[in-house]
Amino acid sequence: MSTINYSDKIPNNVNLSEDRTLQRALEHWQPNYLQWWQDMGPDGSQNFDVYLRTAVSVDPQGWAQFGHVKMPDYRWGIFLNAAEQDRKIHFGDNIGEAAWQDVPGEHRANLRRIIVTQGDTEPASVEQQRHLGLTAPSQYDLRNLFQVNVEEGRHLWAMVYLLHKYFGRDGREEAEALLERNSGNADNPRILEAFNEKTPDWLSFFMFTYFTDRDGKFQLCALAESAFDPLARTTKFMLTEEAHHMFVGESGVGRVIQRTVDAMNQLKTDDTAKLRAAGVIDLPTIQRYINFHFSVTIDLFGADQSSNAATFYSSGLKGRYEEGKRVDDHILKGNTYKVLEVVNGQLIEKEVPMLNALNEVLRDDYITDSKGGVDRWNRIIEKAGIPFKLTVPHKAFHRNIGSLAGIKVSPDGKVINDHEWNQHVEQWLPSDEDRAYVGSLMGRVTENGKFANWIAPPVMGINRQPVDFEYVRFN
Ligand SMILES: [Fe+2]
Ligand SMILES: [Fe+2]
């Protein structure tokens, strides 16, 4: 089970060759996927040899192998964690019953929607990041970008496998549509708003992989609890790959900060104009990028009150983050949870049935988790002896979904009027000028072991290779 069959056209650990119909259907989808990769994947990079990890097993010890490959030759495949014997449903109305190995008819539409929504984010982020290779600050970073990209492609495969295997003709049509929607396309956009935003520069990329890939982590963790066992097993393995994406984000932002505080100490200044003249990214600009990416990402969890969220939970489709570690009844009827609302110009907390507030529960778990990295970034600033603290904004800041949508709230959580908002927005969110400045720093650095001026080198290389290793051969 843990070993992956690489002799099949599609690498897999699901005995694909024993199901000829499914194998044929996926082999039919494969060239369309590769065509999508050529058209919408990393720009101008098809011929590079990239030092990538490829999954060779789902055994937590030694699951990956590293080597130089051309990205179109990456072996995208279907990998599920091993089945747990006699796994039981552990939350919702069917708690204690056997987990489902097939899709129950009454949950078919909802499960398909969950899988399609998750699946849609995977190729979307590859599309958002497709031009970044042209301005990578080093070979090391270029390699990390491409690693994230090929694995998001693999996550699409993970969802497409479920659609093909369990959802018949509808599933096949959805799998095609996943290659037809495109990030930011006016006529046929990606499903979720944050996945139609641009990722125009590397600071945005690091923020995206820190904040938005972390949304992915929380969604996948909730799906890893699912009563639909193939979905649970698929998402568990996706999480193994996902950890590196968040590492790329956290260490990337950390290195930008390191370079900035070094320059601040060298020049003995916190003056933005002087720091920009020195070609580094001032801390207030980094704070504005955090504000933007954090607020756009927490919208992804959906409306604070949602009857769909209640249905998904009670029917066993989607659990809470770390459902198994919680000590309540895992049914949640009669439990309550606090959500925010604006009454008479003030944010107030309101108790609502917890089942309806499960999006908010997941969002709050996400917020707690994402603060951890911000604390670690602050330690870099502290260590440099600079009195500046990065924070995540209040969760009501710059929201676009649920009861807080469109309400003007400052980063520290005060409800304000339009005039006050307009006066301060350039201090709170990246301005056109900020974006133009960050954009002006971008330019490809290709030499082994060299780094762009605005970012510090990493402490360690990938897979214990040196920092100046040849991570990408440009050919
Ligand atoms: Fe992913
Ligand atoms: Fe990811």
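None of these values were measured; they are calculated from a predicted model. Counting starts at 1 for both ligands and their atoms, in listed order.
Within the cation-pi definition used here (under 6.0 Å to the ring centroid, within 45° of the axis), Arg435 qualifies as a partner of Tyr289. Cation-pi geometry between Arg259 and Phe451 is not met at under 6.0 angstrom from the ring centre and within 45 degrees of the axis. Both the sub-6.0 Å distance and the 45° axial angle are not jointly satisfied by Arg233 relative to the ring of Phe237.
Nearest N/O/S atom of His155 with respect to the Fe ion (ligand 1) is recorded as ND1. Considering just the N/O/S atoms of Glu152, the one nearest the Fe ion (ligand 2) carries the name OE2. When distances from the Fe ion (ligand 2) to the N, O or S atoms of Glu242 are compared, OE2 comes out shortest. Per residue Glu122, closest N, O or S atom to the Fe ion (ligand 1): atom name OE1.
The Fe ion (ligand 2) has an N, O or S atom of Asp213 inside 2.8 Å of it. At least one N, O or S atom of His245, from either the backbone or the side chain, sits less than 2.8 Å from the Fe ion (ligand 2).
Residues Gln139 and Arg143 bring no donor and acceptor atom of their side chains to less than 3.5 Å of each other.
Classified by interplanar angle (parallel below 30°, tilted 30° to 60°, perpendicular above 60°), the ring pair Tyr366/Phe301 is tilted.
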